[in-house]
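Working notes for the structure below.
Note that the coordinates shown come from a computational prediction; the quantities given were computed from them, not determined experimentally. The figures here come from the full heavy-atom set of this structure, side chains too, leaving out hydrogens, waters and symmetry mates. A, B, ... follow the sequence lines: proteins, then strands. Residue 1 opens every chain.
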2 protein chains.
Amino acid sequence: MGLDDSRHALNRILELTVLLNDDMARDLARRGLTGSRAHLIWELRDGSPRTQNGLAKALGVSPRTITGLVDGLVARGFVTREPHPHDRRAALVTFTKKGERASRALERDHIALAHKIFDDMPATTFRGFTRGLDEVIARLRETLATKGEHRAR
Amino acid sequence: MGLDDSRHALNRILELTVLLNDDMARDLARRGLTGSRAHLIWELRDGSPRTQNGLAKALGVSPRTITGLVDGLVARGFVTREPHPHDRRAALVTFTKKGERASRALERDHIALAHKIFDDMPATTFRGFTRGLDEVIARLRETLATKGEHRAR
DNA sequence: AGCTCATAGTGAGCTAGACTCATAATATTG
DNA sequence: CAATATTATGAGTCTAGCTCACTATGAGCT
């Protein structure tokens, strides 16, 4: 395939990332959330009381950043910090009612988006897309891994 | 197609956006650039002397933000502010030698990435992917337009 | 028991990117 | 010429990352 084709395809992918980002950011804003805060809630969704350290590892972000995100979510009433039963150092980040509602709303939004994108797509197109997508992701993973080796030296 | 399939596909797309972001951010950091600053350089690439206002519209960002981005690029020697020949209010953001080199490097990186992702992908897979991708983008555009109407009311 | 080391969280201070609002300087137009 | 529009920036805010230093506590080893 020609180079121009692959460049064009890459540009389309980048266009997609921008569109997705905009769409999701707007939905989140409507619910009083930012991307990072929503990400935290999303993580909290499976296994609600979590320590901040656990969240830091799950989100791939420093513990200090979690402190800030949790501060924001506490201020807006989505979560509370509860004492850990066995470890007085740790705080358990716990959903409030509002937080649980928001968590379910995020899930609904996610499903609705998947619907909107894929529902009336012909099955063959869908399969062709996902097949290619898997390959693209695999190539990207390779690339990242290779560069990671360099850095590790 | 089942709901689970579309949800899974959406998750894969999100995974892709994260991978792409990481990969590009790392390349940019290697060149002393951030995503936003690179974006500005990318825009400057086609039609080098540009006013900040023009850049603001091109990047879809407030003029004040451009001031900040240009400040950063000037401090690092990628661009200069030159006086506009006919309008003493406006500054023309202009590449330095270093900026031009960086601009070409970004282009090379872009091409290399497209290569890495698509080069050894079977043509049928590639076509299937781009076809689906076009549809996905179209659906997203629709969604955004619909919501935009709401906001416009 | 006591000492050392590790872990959980936060304060302080930095960079970066985005916004608004107000303002200065300059263009444009009636 | 006077009113209005445009270009850029200062001031101040918010979010989201980071590191480094520090407190409090937990765990393990003599």
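- When atom types are taken as modelled, the side chain of T143(A) and the backbone of R139(A) share a donor-acceptor pair closer than 3.5 angstrom.
- Among the nucleotides dG9(C), dA18(C), dG10(D), the one closest to any side-chain atom of T65(B) is dA18(C).
- Residue R88(A) places none of its side-chain N or O atoms closer than 4.0 Å to OP1 or OP2 of dA24(D).
- Formation of a donor-acceptor pair under 3.5 Å by the K116(A) side chain with backbone atoms of E142(B) is not found in this model.
- A close approach under 4.0 Å does not occur between any side-chain nitrogen or oxygen of T67(B) and OP1 or OP2 of dG10(D).
- With dC18(D), dG10(D), dT7(C) as the candidates, the nucleotide lying closest to the side chain of R64(A) is dC18(D).
- Ring geometry for F118(A) against F126(A) counts as perpendicular: the plane angle is over 60°, on a 0 to 90° scale with 30° as the lower cut.
- At the phosphate of dC18(D), OP1 or OP2 sits under 4.0 Å from a side-chain N or O atom of S62(A).
- Whole-Å rounding puts the L59(A) CG to dT15(D) C1' distance at 15 Å.
- Positionally, the nearest nucleotide of DNA chain C for R89(A) lies more toward the 5' end than for the other of D71(A) and R89(A).
- One can place CG of L55(B) at 13 Å from C1' of dT7(D), the figure rounded to the nearest angstrom.
- R76(B) comes within 4.0 angstrom of the backbone, heavy atoms only, and of no base.
- Backbone-only contact: L69(B) has heavy atoms under 4.0 Å from sugar-phosphate atoms and none from a base.
- Remark: Q52(A) is in phosphate contact with dT10(C), judged by side-chain N or O atoms under 4.0 Å from OP1 or OP2.
- The phosphate of dC14(D) has neither OP1 nor OP2 within less than 4.0 Å of any side-chain N or O from T34(A).
- At dT9(D), one or more side-chain N or O atoms of R81(B) fall inside 4.0 Å of OP1 or OP2 (strictly under the cut-off).
- Contact annotation: N53(A) does not reach the phosphate of dT7(C) (side-chain N/O to OP1 or OP2, under 4.0 Å).
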